[in-house]
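Reading through the structure tokens given below for one structure.
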Amino acid sequence: MNQPVRVRFAPSPTGALHVGGARTAIYNWAFARRHGGTFILRIDDTDPERSTPENTAQILRSLRWLGMDWDEGPEVGGPHAPYFQTLRARLYSAALERMKAEGSAYPCFCTTLELEAKRSAAREGDGTPGYDRTCRRLTRDQAHARIAEGAPHVWRLAVPEDRGDIVVDDAVRGETVFPASAMDDFVLVRSDGTPTYNFATVVDDAEMDITHVIRGDDHLSNTPRQIMVFEALGHFVPRFAHLSMIWGADGKKLSKRHGATSVEQFHAEGFLPEALLNHLALLGWSLDGETTVFHADALTHNFSLERISKNPAIFDFEKLEWMNGAYIREMPNERFAERMMPWLEQAGISTPDDLEKRRDWYRELAPLVSERVKRMTEIGPAVAFLFQETVTVDPTAAAKAFSVEGTRDVLDAVATSLDGLAEWTPTAIEEVLRAIPEHFAMKPRIVFQAVRVAVTGGLVSLPLFESLALLGKAASVARVRAAEAAVSRT
RNA sequence: GGCCCGUUCGUCUAGCGGUUAGGACACCGCCCUCUCAAGGCGGAGAUCACGGGUUCGAAUCCCGUACGGGCUACCA
């Protein structure tokens, strides 16, 4: 097959974009980009009960957030539009007409009850599953007559009598053989005229000239059926690549119990799209077995089906968190300052306007924060003390840091020293504060913890001298004085 | 039941006949240190699911078994 690569991601809008679906999308996208091919987004919305426009919108949003861009599909159009299955009904009936004419599809009038009886009988007996082809034995005239009568019927695939074993040469699994005996005349079109998944998806993949089908493992068993439809349609069979599932920590299907499952939720919880992309990419694929942190371009330059692993993966939230921290840390200060803005805004701490006014200040703040947060949601709590008029001292922290004998005098000395500082920089502040413990013959950490609690309100904070520098002289001195007053009262 | 797929440190993985079975997260220790992080160094952790073969030699190839998963729908 030497034609240009065309791949597709075909989510069903019955829910939000899941991490499993996201990974499938990423692999398809990376494969297309790597080979200069076309990445198509198609919405498989044939389930009228559960499909919603809201879900579709959310899926598109999540994909975009992750950095996926599609060459054909919703919002961008393309030569094979429309890209919603519900709008492609004509194609399915056209395909069925062709198959009827060629005898590769036939009507079946068996009722659900009859089918159930057949199934349980078969299961008791030789174990051969599938439809027993009762209606296939009807003559053309008989079938026509029943249809004319208005008898409800579905359309089934007439599996060729001479069709041998079906070999799927899967790019991930290798050669997988499905015995011909296991192939049944499955339903192509329901009695209400709508196509089944196995039919619609093949008609679409054929019409869109999909060359590689990269999708979840759960479709592997359906593949021989689909291959037969491709053959009945006289269309080339694409290459398949089946991805293993992503599980929760207990080896069960990933669910809310395990934490976030939808891409949107990861976003809300403070994860960066590039980190989630990286982590997902690594769940079943490896660059070289050594490199763990890499950007999207590494994927678009190196992605290959051959390096996809066969075994299922368990989603490791801790590793993702570490990776997110790694991405935060490597971000240039300027960029981090911009990226933290939405989170500060959301927390009601700051506004983009403020960033415009004090870019330098934010640039100084950035590295102090980025070095110690793993998620964007942690930024707010870490920097809040710098944006508030006064600080509320945590009682437990106060009890710990202010209980040392002589704290009042120490804080007085600190306030005085700071107040007398002509130059308000971290180094100048450090210099003058270092002299305090010496003077009182105390351990530096004892003194600095007292100042930290006084200024930041807690026992854990951004580096002290830098924090004071960013806070400003007036506020710093005021907070130390306030603490001093509080201490003397006890 | 039938048919398919999978099984390397707790987790993600490298490995594609000959390696002291490598890396990353998590964990532990030390260093750095104003707290917390980050960083540096080191450590522990895998009888390669199990049993048979093939081979001079198997985590790697073949066959079973066990355990997990998928499909077996007028769901996708």
Side-chain angles (χ1 to χ4, degrees), chain A residues 10-12 14 44-47 49-51 108 112 115-116 119 122-130 152-156 168 170 172-173 176-179 181-184 186-192 194-198 200-201 216-225 242 244-245 247 249 251-253 279 282-286 288-293 306-307 309-323 325-326 329 367-374 382 401 430 433-434 437 443-449 451-453 456 458-465 467:
Chain A
S12 173
T14 53
D44 283 8
D45 56 350
T46 51
D47 185 340
E49 299 286 307
R50 298 182 298 153
S51 297
C108 171
T112 314
L115 292 173
E116 264 168 30
R119 254 198 300 277
R123 198 166 288 211
E124 299 289 307
D126 58 359
T128 311
H153 60 282
V154 300
W155 288 89
R156 288 181 181 276
V168 180
D170 193 277
V172 175
R173 320 262 146 194
T176 303
V177 183
F178 293 85
S181 58
M183 292 297 87
D184 62 332
F186 69 98
V187 174
L188 302 168
V189 175
R190 305 182 185 107
S191 48
D192 67 357
T194 59
T196 60
Y197 164 76
N198 279 317
T201 205
D217 207 26
D218 46 341
H219 294 294
L220 181 56
S221 297
N222 279 323
T223 306
R225 279 180 250 280
H242 287 97
S244 291
M245 307 277 90
W247 290 343
K252 300 240 174 72
K253 216 170 140 188
H279 185 249
L282 240 22
L283 241 46
W285 182 79
S286 61
D288 53 14
E290 306 281 301
T291 317
T292 49
V293 179
E306 290 68 40
R307 289 196 68 85
S309 66
K310 302 186 202 352
N311 31 350
I314 289 172
F315 195 93
D316 188 343
F317 288 87
E318 282 189 332
K319 191 168 184 174
L320 170 63
E321 202 163 58
W322 164 81
M323 190 168 278
R329 268 173 266 130
L368 307 181
V369 184
S370 63
E371 204 166 84
R372 57 205 90 225
V373 297
K374 289 199 164 95
E430 173 162 10
L433 285 190
R434 290 252 177 229
K443 283 194 191 292
R445 52 176 304 160
I446 303 291
V447 171
F448 296 152
Q449 273 305 79
V451 179
R452 182 189 316 283
V453 171
T456 72
L459 288 162
V460 174
S461 80
L462 303 183
L464 186 59
F465 313 125
S467 293

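Each chain gets a letter, A, B and so on, in the order its sequence line appears, and its residues count up from 1. Keep in mind it's a predicted model, so treat the numbers as computed, not measured.
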Side chain to side chain donor-acceptor pair (under 3.5 Å) evaluation trace for A/Asp192 with A/Thr194: CA-CA 6 Å; A/Asp192 67 357; A/Thr194 59; 2.6 Å; yes

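Residue whose closest nucleotide on RNA chain B sits further toward the 5' end, between A/Arg372 and A/Asp47: A/Arg372. Nearest-nucleotide positions on RNA chain B for A/Val187 and A/Val373 put A/Val373 closer to the 5' end.
Here, B/G15 and B/U20 have their C1' atoms 15 Å apart, quoted to the whole Å. Taking atom C1' in both B/A66 and B/G52, one finds a spacing of 14 Å when rounded to whole Å. The C1' atoms of B/C4 and B/G29 are separated by 48 Å, rounded to the nearest whole Å. Nucleotides B/U7 and B/C12, compared at atom C1', are 15 Å apart to the nearest Å. Rounded to whole Å, the separation between the C1' atoms of B/A49 and B/G40 comes to 38 Å. Taking atom P in both B/U47 and B/G42, one finds a spacing of 25 Å when rounded to whole Å. Rounded to whole Å, the separation between the P atoms of B/C30 and B/G68 comes to 42 Å.
No engagement by A/Gly458 is indicated, since no non-hydrogen atom pair under 4.0 Å with the nucleic acid exists. Using a 4.0 Å heavy-atom distance criterion, A/Phe315 is classed as making no nucleic acid contact.
No more than 12 heavy atoms of other residues, nucleotides or ligands sit less than 6.0 Å from atom CZ of A/Arg445.
By the side-chain hydrogen bond (donor to acceptor under 3.5 Å, both in side chains) test, A/Asp288 is found to be paired with A/Thr291, residues two or more places apart in sequence or in another chain being considered. For A/Glu116, the side-chain contact (heavy atoms from CB on, under 4.5 Å) partners are A/Thr112, A/Arg119, not counting sequence neighbours. Under the side-chain contact (heavy atoms from CB on, under 4.5 Å) criterion, A/Thr201 pairs with A/Arg8, A/Arg42, A/Asp44, A/Tyr197, A/Asp205, A/Gln226, not counting sequence neighbours. Qualifying side-chain contact (heavy atoms from CB on, under 4.5 Å) partners for A/Pro195, counting only residues two or more places apart in sequence or in other chains: A/Tyr92, A/Phe199, A/Ala200.
Distance A/Phe448 CZ to B/C36 C1': 16 Å, rounded to the nearest Å. For the pair A/Leu464 CG and B/C34 C1', the computed distance is 6 Å after rounding to whole Å. Atom pair A/Asp184:CG and B/C74:C1' shows a separation of 13 Å (rounding to whole Å applied). The separation between A/Glu306 atom CD and B/G15 atom P is 12 Å, rounded to whole Å. With rounding to whole Å, A/Leu368 atom CG is found 16 Å from B/C34 atom P. B/G70 atom P lies 9 Å from atom CE of A/Met245, rounded to whole Å. Whole-Å rounding puts the A/Glu430 CD to B/U35 C1' distance at 14 Å. For the pair A/Leu459 CG and B/C36 P, the interatomic distance rounds to 10 Å; values are reported in whole Å.
In terms of heavy atoms, A/Phe448 sits closest to A/Leu464 at O-CD2, 3.6 Å. Nearest heavy atoms, A/Leu459 versus A/Arg452: O-CD, 3.2 Å.
Of the nucleotides present, none pairs with B/U35 by Watson-Crick or G-U wobble criteria with both distances under 3.5 Å. Both distances falling under 3.5 Å, in either a Watson-Crick or a G-U wobble arrangement, occur for no nucleotide opposite B/A26. When both distances must be under 3.5 Å, the Watson-Crick or G-U wobble mate of B/U55 does not exist. With both pairing distances under 3.5 Å, B/C71 is matched to B/G2 as a Watson-Crick or G-U wobble pair. With a cut-off of 3.5 Å on both Watson-Crick or G-U wobble distances, the partner of B/A66 is given as B/U7.
Distances shorter than 4.0 Å separate none of the side-chain N or O atoms of A/Arg307 from OP1 or OP2 on B/C16. For the OP1/OP2 pair of B/C34 and a distance below 4.0 Å, the side-chain nitrogens and oxygens of A/Arg434 include at least one atom meeting the criterion. For A/Ser461 and B/U35, the shortest distance from a side-chain N or O to OP1 or OP2 is not below 4.0 Å. In terms of phosphate contacts, A/Thr196 brings no side-chain nitrogen or oxygen within less than 4.0 Å of OP1 or OP2 of B/C74.
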So if I define the base as every atom that isn't primed, P, OP1 or OP2, how would nucleotides 19-28 of chain B read as a B/S/- string at a heavy-atom cutoff under 4.0 Å? ---BBBSS--

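Judged purely by distance below 3.5 Å, without hydrogens or angles, the side chains of A/Ser461 and A/Arg372 never pair a donor atom with an acceptor atom. Residues A/His242 and A/Thr223 have side chains that bring a donor and an acceptor to within less than 3.5 angstrom of each other.
Nearest nucleotide to the A/Ala313 side chain, out of B/C12, B/A76, B/C36: B/C12. For A/Asn222, counting side-chain heavy atoms from C-beta on, the closest listed nucleotide (B/C71, B/C36, B/C34) is B/C71. Closest contact between the side chain of A/Tyr197 and the listed nucleotides B/A76, B/U13, B/U35 involves B/A76.
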Between protein and nucleic acid, restricted to nucleotides 3-6 of chain B and to nitrogen or oxygen atoms under 3.5 Å apart, what atom pairs and distances do you find?
residue, atom, partner, partner atom, Å
B/C5, O2', A/Arg173, NH1, 2.4

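The main-chain N or O of A/Leu188 is found under 3.5 Å from a side-chain atom of A/Thr196 such that the two form a donor-acceptor pair.
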